[in-house]
Enquirer: 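Below is the structure I would like to discuss, written out as structure tokens.
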Amino acid sequence: MGRFVARRIISLVPVLLGISLLTFVLIHLVPVDPAEVYLRLSQIPPTDEAVAVIRAEMGLNKPLHQQYFDWLWKVVHLDFGKSFVTKKPVMAELLYYFPATLNLAAASLLIVLLISIPVGVFSALYKDTAFDQICRILAFIGASMPSFWLSFVLIYILSLELNLLPAFGRGTLAHLVLPATTLALGAAAVYTRLLRTSMLENLNQNFVLYARARGLKEKLIVVRHVLKNALIPVVIAFGMTLGHMLAGSVIVENVFAWPGVGRYIVSSIFNRDYPVIQAYALFMAVVFVLLNLFADIICATLDPRIRLGGDK
Amino acid sequence: MNEQVVLDVKDLHVSLPSMRGVVGAVNGISMQITEGKVLGLVGESGCGKSITCLSLLGLTKEEGWVIAGVAKIQGKNLLTLGPEEIRKIRGKEIAIIMQNPLTAFNPLMTIEQHFLETIGSHLLLSKKEGRNLAGRYLEYTGLSQPSKLLKQYPFQLSGGMIQRVMIAIALALEPKVLIADEPTTSLDVTVQRQILCQLARLKEKVRTGILLVSHDLGVIAQMADEVAVMYCGCIVERAPVERLFNQPLHPYTKALMASKPKMQKKTLQAIGGQAPSLLNFDGGCPFFERCHEKSCCCSHYKQELVQYDDKHWVGCAKFAVKQRMLYYEPA
Amino acid sequence: MLQEKVKGLYRNKPGIISFAVLAVIMLAGILAPVLAPNDPVLVTLDNRFAAPSTQFPFGTDHLGRCVLSRLMYGAIVSLGSALLVMTITITISIIIGTLSGYKGGWVDTLLMRMGDVNLAFPDLVLTLVIAGMLGPGLANIIIAMAAVQWVWYARIIRGMVLSLKERSYVLSAKVAGTPGWLIVVRHILPNIIPHVVVLVTINLGMVVLHISGLTFLGLGAQPPTPEWGAMLNDARQYLRSYPRLIMFPGTMIMLVVISFNLLGDALRDVIEFREG
Amino acid sequence: MSLLKVKQISKTFKSKNFFTHKGRVVEAVKDISLSIEEGMCLGLVGESGCGKSTLGRIILGLEPPQSGQVIFQGKDFYKTTRQEKMKLRKDLQAVFQDYNSAINPKYPVKMAISEPLRNYLSLSPSEEIKRIGELLELVGLNPQDMHKYAYQFSGGQLQRVNIARALALNPKLIVLDEAVSSLDVSVQAQILNLLAELKRELNLSYLFISHDIEAVYYLADAIAVMYQGKLVEIINDISLFDQLVHPYSNKLLTSVLPSHPRFRTDSCVEFDELHAKPGNANECNYLDRCNCKEQLCFQVKPVLSKLTEGHLAACHKLKEINKA
């Protein structure tokens, strides 16, 4: 197990390098000169001299690979530069906003688990019953619902009409309910479908037939042979989902005025605050990669083929 | 002669719905499995061998499937038992060895877990006793170091090893009947021979009756005491093994034997055409189209086994007619 | 064989209905200049928040613009840009995916490594960041989405090519002396394209969602372009007093996404029938 | 001159484990030499995973070997020009095991048969149809069947179509890669008979790859036994079948099941099985299964060497027998 984790971590190194290269290249996609943007945001008229000074300060005159290594060196030391707007270190800002987003994503993940596991399992076991049909239709609609629209519908009904829950801001647990639900419903729909399919697939496996032929009790077969196997693809996907939720919270945070990274990044985009955008990309990628690593480790504990390196 | 019939199947029918009508997968087969003897069920793919096995275990309870007939084990009719009663019989009274051993094991569980859950479903044994039982049977099947093996996962074993594990699991509860559904088809020839020998030895030890299903006449010749030849969901001939190989009566049996390459250069007698569809099976002779020996009366013949002599039954119009005319022709 | 498939599709009710819905919406968008009752961008402040009437069948918005007309013109913006994203994506990924799967070599290595990096980002993050770097605007969103998505498709296509490459009929064609490009055209692409069509149809719904989501954030189509996401964004301030302004564009987006999903499922049932 | 000569071919695969990303080198084919004469059928037997299919693919030009030569009609297949290769290919055809996927399901079978015809001959449409009809008749199918699709055929019929395609260009050598293995016995007999007949009538050569010794015996003139990527024994006259001496060949022979219950043997072969474990580079690769090994077998790898005319085997024991 330890060897598996070590191998997995080592295999991350090239990926992380690739990520850093990509985020570095991103800033050079910018059709305008960052120095000019910096000056405009600092309310200094972008004269040629001023631009030249800032360019020198930012190191934009050095050769590209030199810039990359300088930047990488700083990044390794968690220095992402300073925001053009607030002039504060970007890392500190991101870390300031991140807990709120994490809070939101974790709450949604919990909702997703609570909905999708029982519903997925039972709709697979009672395939084609009324329960299954209804769940499938709901899952279908849930997966097609735009989250920004769903949030307005929820706000309108639960907050404005019924006055049950607060619609905007962060504070009490009640504040969490609407944004977390909005964020969760789409993913819950996807997971219910995924788990259902995975369960049905495993129910048709030869080892389930053999388990029945050995006279095992149906409950044991469902739990030990079907569900455990069915969970593996779901766990792999969960690592990704949490990442997608962190990203997907951009829209939800904007609707619910949730003070997280998502709101911060959108305002930064409008301000063309390039260091923040760049740091955001890198930061999210690293979080995402780590989440996937975590999911892989869980899978390895579940599946001996991964742990022990079997073929096929 | 004190032969005890452990499983008595009478007139088993299985039909299943398909997009274009009802398929008669098994059309009234009868057979007896005797304690300590091997009944070989031989036939080509699609003749209903596997469905027969599964229906005996009550594992064909799918929507639209119709199963009729009687299959008696210890006075109980398997086909009418409730789910919990049949569960108690599966694995305990009737065990099975399947064709694809590698896919039959749950990849997430060790061999030991497979053993223990099977034993635990039928007997009240402690883990330690269960483990001992498992180890003992693994040794019987010729596997060395059973304690190490028990801790391994299915994917760590080779095809031959895992098939032996399957045999050990099947026999550990000393079932009355063992169904071996193409037990060696997916294995290499050298391993196949070993597995068959091992199975024959264990049969003597446990005194179980075996239903050995195979498409390979070689497997049957090596293992069986009695043979039933199956074609299109019907048994077309049934006889003791020596008798069948010496004097096959049904044209299909003869053709099947002639079409198998036998370490000689003689031209093979292939059967022309292919097996008919079992859709809406009408009960006539299923081999009619491909038969070399058909005559005018065949088309009206209703497929059923008639007794040719003491232990030899055949389902062919030729013999049915002769018998009725009290006309006996030495073969 | 083809006939059977067409018949199969014909019998698939959800497929037919969703196709019809999409066709109607698309047609409404294309014919909007002829059919739309009003100018979608004409501001008439006297008519703000007008209730549905014969002149404005769905009423007007906060600037007195005709909601129905905006929805109709918006259809072509939302659906059209989604189709454009997909066209770009699929063209690139079929070429690169096939090349990478069939030929292997450095194209393959490069694609796989790019894929590793691409998969290390949540899709939306990368799109957001590229769009953010390029600046707000519909064209930038389209570029960003295509740039992010093609790698994923290319990798899937590569996988399909790899498995097809081992099929006996491809081997037989090689043995029969058929040149490589002809094998790709004759045996590989025809077997891949149906699956790609299914994939694209299902994911078109997602693309519509993303485009309108990004527009909703203000990164996509800029005002006064009629776009469904933008309409939602405009309407959010008036949620309490005029909830219908939210209902119309939201329902449209959902309708389109559901239709694409249903159509994709229907196509899959039909195409993958008998192929396993 | 032999039609096909294979000289010291080796091929290793680097397999990458999906989960652990650990590379592993599998030696599929090691230093194999053999030859096939015109009008002869060489049977290649061995267990699954022994590399016999890989060898077949190398000979077909589908999988370049790491080292060694494939000399077909006097020309090195992997070294000649493109045009020359095309020309050689015309005389070198194949029939594969999985008849289900051997015909592209998208097209009627006439497309499959016309593919080689169009690549090499410029026939008019009517000539092409005529030729396809002839070919289908040759393999025992109705010429009208050319308009059908793969799924409308049974397994045996599909394999006939595949044979028709392989015959389209009047090849000299056909590689039959487990071509009858997944067919039912009765159908298998039809195909075996057809192959034997075609060989006689058209003076074809076959490389018949199979795990079924009985089928090989029926069709082949010479036999080669393969174990873990190496040839362990070749005998040029299959009627001397009972003279096979390598311990592995013997094991294969004794594993053949009886054709009649009276030939039943109850000698229980002790449990052993091919284990793909990395062996010592110097030892005999059959060592762990061999029941007559000696000191020398651990130290020196036996090479294929001549016992009698047309009979080679790779085993230390046998050389001693021969000397004595």
Side-chain angles (χ1 to χ4, degrees), chain C residues 1-8 101-105 108-109 112-113 115-116 119-120 155 158-198 270-276, chain D residues 16 53 56-57 59-63 82-83 85-109 111-121 148-152 158-159 161-163 165-169 171 173-175 177-179 182:
Chain C
M1 190 138 162
L2 191 69
Q3 269 178 337
E4 271 177 44
K5 293 213 157 152
V6 173
K7 256 190 220 159
Y102 194 78
K103 276 271 175 201
D108 191 32
T109 320
M112 292 309 283
R113 292 294 81 78
D116 285 345
L119 288 177
R155 270 173 69 131
R158 171 185 178 271
M160 292 182 193
V161 173
L162 279 183
S163 88
L164 282 174
K165 217 168 96 175
E166 291 305 308
R167 291 279 166 92
S168 287
Y169 58 80
V170 173
L171 295 180
S172 298
K174 276 189 196 168
V175 170
T178 310
W181 66 270
L182 197 56
I183 292 182
V184 169
V185 171
R186 193 182 281 166
H187 295 295
I188 293 193
L189 287 182
N191 283 298
I192 285 179
I193 284 170
H195 299 272
V196 172
V197 168
V198 172
V270 172
I271 284 170
E272 292 177 5
F273 173 72
R274 207 199 296 282
E275 282 177 24
Chain D
K16 211 171 164 196
S53 286
R57 283 160 157 244
I59 289 171
L60 283 170
L62 297 174
E63 195 103 60
R82 235 188 151 90
Q83 286 98 337
K85 225 184 240 179
M86 273 296 273
K87 238 189 259 165
L88 289 179
R89 218 162 229 166
K90 187 167 176 257
D91 290 329
L92 184 56
Q93 293 295 314
V95 179
F96 296 100
Q97 174 177 13
D98 47 345
Y99 50 79
N100 272 322
S101 79
I103 307 279
N104 192 336
K106 298 260 177 247
Y107 305 114
V109 300
M111 271 296 282
I113 302 175
S114 72
E115 198 163 12
L117 292 175
R118 286 186 192 173
N119 288 336
Y120 287 95
L121 315 169
K148 288 193 193 165
Y149 287 86
Y151 69 92
Q152 292 167 299
L158 268 184
Q159 205 55 304
V161 174
N162 290 327
I163 293 171
R165 167 169 55 190
L167 290 174
L169 296 169
L173 175 68
I174 301 182
V175 175
D177 188 356
E178 300 273 13
S182 39

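Residue numbering restarts at 1 for every chain, and letters A, B, ... go by the order of the sequence lines. Note that the structure is predicted; figures quoted are calculated from it, not measured. Quick note: numbers below take in every heavy atom, side chains included, and nothing from hydrogens, waters or symmetry partners.
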Enquirer: Please classify the contact between D/Tyr120 and chain C as side chain, backbone, both or neither, with a heavy-atom cut-off of under 4.5 Å.
Expert: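 Only the side chain of D/Tyr120 comes within 4.5 Å of chain C.
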Enquirer: Taking C/Pro190, C/Pro179, C/Ala176, C/Ala173 one by one, which has the highest count of heavy-atom pairs under 4.5 Å against chain D?
Expert: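 Ranked by heavy-atom pairs under 4.5 Å with chain D, first place is C/Ala176.
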Enquirer: C/Ser168 and side chain to side chain donor-acceptor pair (under 3.5 Å): which single residue from D/Asp98, D/Asp177, D/Asn100 fits?
Expert: D/Asp98
Enquirer: If you count heavy-atom pairs within less than 4.5 Å of chain C, which of D/Leu92, D/Val95, D/Asn104, D/Leu169 leads?
Expert: D/Asn104
Enquirer: For D/Arg165 and D/Ala102, indicate whether the former's side chain and the latter's backbone hold a donor-acceptor pair under 3.5 Å.
Expert: yes
Enquirer: Within the side chain of D/Gln152, is there an N or O that forms a donor-acceptor pair under 3.5 Å with the backbone of D/Tyr149?
Expert: yes
Enquirer: Just give me the residue among D/Ser101, D/Gly61, D/Ala168, D/Ala94 that pairs up with chain C most often, heavy atom to heavy atom, under 4.5 Å.
Expert: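 Most pairs with chain C among the choices: D/Ser101.
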Enquirer: Given the options D/Asn162, D/Leu60, D/Leu62, which has more heavy-atom pairs under 4.5 Å with chain C than any of the others?
Expert: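 Among the listed options, the one with the most contacts to chain C is D/Leu62.
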Enquirer: Over 60° means perpendicular and under 30° means parallel, so tell me whether C/Tyr169 and C/His187 are parallel, tilted or perpendicular.
Expert: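 Aromatic pair C/Tyr169/C/His187 classed tilted.
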Enquirer: Which pairs, with at least one residue in residues 85-96 of chain D and sequence neighbours excluded, count as a side-chain hydrogen bond (donor to acceptor under 3.5 Å, both in side chains)?
Expert: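 Only D/Gln73-D/Asp91 qualify under side-chain hydrogen bond (donor to acceptor under 3.5 Å, both in side chains).
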